[in-house]
Amino acid sequence: SVGQAIEALMAVSPTRARVATSAGPLDGLRLARTCYDHFAGRLGVSVTDAMVRRRILTPAGRDFVLTASGARWLGRLGVDVEKTRGERRAFARQCLDWSERRAHLAGALGAAVARRCLDLRWMQFVGEQRTLALTPQGRRGLRKWFGIRWKP
């Protein structure tokens with residue numbers, strides 16, 4: 001809960017240039033983390049951007065709309081879209097990322113995509129329970145499925 005409070009404060013704080021050039025404790029969180037149960041940081045925004053670019057998702061107000069071809073694509077990835085639609089929460093919500101200052105995919109669909117990528121062992125948790133590290137198979141998966149060439 002402390003991390004979530006810090007994220008909320010950072011989202012509304014003014015952007016300032018970084019003074020230190022050495023790696024700080026938040027660098028891993030900025031790069032790849034979970035936000036509740038979905039991906040965030042540069043990873044989450046990159047995955048969301050790729051899904052929009054490939055017309056899997058379309059931004060619509062506070063949410064994203066999953067296209068018909070996007071639902072088929074996610075099914076091939078192994079995401080059960082129909083089961084996810086039946087959950088009692090927002091389906092595909094836009095979530096403002098405090099580190100990137102842009103939206104990443106949240107809601108039931110964001111959680112389902114994150115869960116599937118974790119099940120495929122594309123990412124793994126490091127240290128405290130929110131920071132993620134991309135595995136070699138994750139680099140291949142992001143390139144094949146999302147067209148992302150990950151460079152931390």
Side-chain angles (χ1 to χ4, degrees), residues 1-12 25-152:
S1 61
V2 171
Q4 293 164 356
I6 290 171
E7 282 187 9
L9 290 171
M10 291 184 81
V12 297
L26 292 178
D27 285 347
L29 283 174
R30 284 186 176 104
L31 190 61
R33 69 180 180 279
T34 55
C35 175
Y36 299 99
D37 57 358
H38 55 273
F39 291 142
R42 200 170 100 213
L43 171 71
V45 170
S46 295
V47 166
T48 301
D49 286 348
M51 293 174 80
V52 169
R53 210 173 29 255
R54 291 171 173 243
R55 295 184 175 90
I56 294 159
L57 298 174
T58 304
R62 294 179 32 183
D63 296 317
F64 289 105
V65 173
L66 178 63
T67 64
S69 61
R72 290 188 298 274
W73 184 88
L74 285 171
R76 289 190 301 274
L77 181 61
V79 174
D80 187 340
V81 173
E82 288 313 307
K83 178 181 174 190
T84 303
R85 280 190 199 279
E87 291 187 25
R88 296 186 65 187
R89 63 191 277 195
F91 176 65
R93 181 67 36 101
Q94 291 190 40
C95 183
L96 177 64
D97 194 280
W98 63 259
S99 59
E100 297 295 308
R101 306 271 180 168
R102 298 186 36 240
H104 58 252
L105 175 63
L109 187 61
V113 169
R115 199 169 36 251
R116 182 63 182 141
C117 291
L118 288 165
D119 288 347
L120 290 168
R121 301 186 197 285
W122 288 4
M123 293 92 189
Q124 60 189 20
F125 288 100
V126 292
E128 51 85 25
Q129 291 299 311
R130 295 184 58 216
T131 303
L132 294 166
L134 196 62
T135 65
Q137 61 263 40
R139 288 180 192 277
R140 289 188 297 274
L142 286 180
R143 187 171 44 251
K144 175 184 176 182
W145 285 91
F146 296 92
I148 298 171
R149 295 191 184 281
W150 185 255
K151 292 179 183 154

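Side-chain atoms of Thr135 come within 3.5 Å of backbone atoms of Trp122 as a donor-acceptor pair (strictly under, hydrogens ignored). Although no hydrogens or angles enter the test, the distance criterion places no donor-acceptor pair under 3.5 Å between the side chain of Arg85 and the main chain of Phe91.
Nearest heavy-atom pair across Gly110 and Leu105 is CA-CG, 3.6 Å. Scanning all heavy atoms of the two residues, the minimum distance from Asp97 to Gly41 falls at OD2-N, 2.6 Å. Closest of all the heavy-atom pairs between Glu87 and Ala108 is OE1-CB, 3.6 Å. Minimum interatomic distance between Ala111 and Arg89 (heavy atoms only, all atoms of both residues): CB-NH1, 3.9 Å. Scanning both residues, Val65 and Ala60, for their nearest heavy atoms gives CG2-CB, 3.7 Å. The two residues Cys117 and Met123 have their closest heavy-atom pair at CB-SD, 3.8 Å.
Note that OG1 of Thr58 is 12.0 Å distant from CG of Asp63, once rounded to the nearest 0.5 Å. Rounding to the nearest 0.5 Å gives a distance of 13.0 Å between OG1 of Thr34 and CZ of Arg115. Interatomic distance, Arg102 CZ to Ser46 OG, rounded to the nearest 0.5 Å: 8.0 Å. Atom NZ in Lys144 sits 13.0 Å away from atom CD in Gln137 (nearest 0.5 Å). Note that CD of Gln124 and CG of Leu118 are 10.0 Å apart. Values are rounded to the nearest 0.5 Å.
Proximity of Gln94 to Arg62: side-chain heavy atoms (C-beta onward) are nowhere separated by under 4.5 Å. The closest side-chain heavy-atom distance from Leu43 to Ile148 is not below 4.5 Å. Considering only heavy atoms from C-beta on, Val52 comes within 4.5 Å of Pro59 through its side chain. Using a 4.5 Å heavy-atom threshold, the side chains of Phe125 and Thr131 count as separate. Contact check for Thr67 versus Leu57: no side-chain heavy atoms found under the 4.5 Å cut-off. Residues Phe64 and Thr48 have side chains in contact (heavy-atom distance under 4.5 Å, counting atoms from C-beta outward). In this structure the side chain of Met51 reaches within 4.5 angstrom of the side chain of Leu74, judged on heavy atoms. Between His38 and Val47 the shortest side-chain heavy-atom distance does not fall below 4.5 Å.
No more than 12 heavy-atom neighbours from other residues, nucleotides or ligands sit within 6.0 angstrom of CZ on Arg55. Annotation: Arg121, atom CZ; neighbour count of heavy atoms from other residues, nucleotides and ligands within 6.0 Å does not exceed 12.
A side-chain N or O of Ser99 and one of Arg33 form a donor-acceptor pair less than 3.5 Å apart.
Ring orientation note: the planes of Trp73 and Trp145 are nearly perpendicular, at an angle over 60° on the 30°/60° scale.
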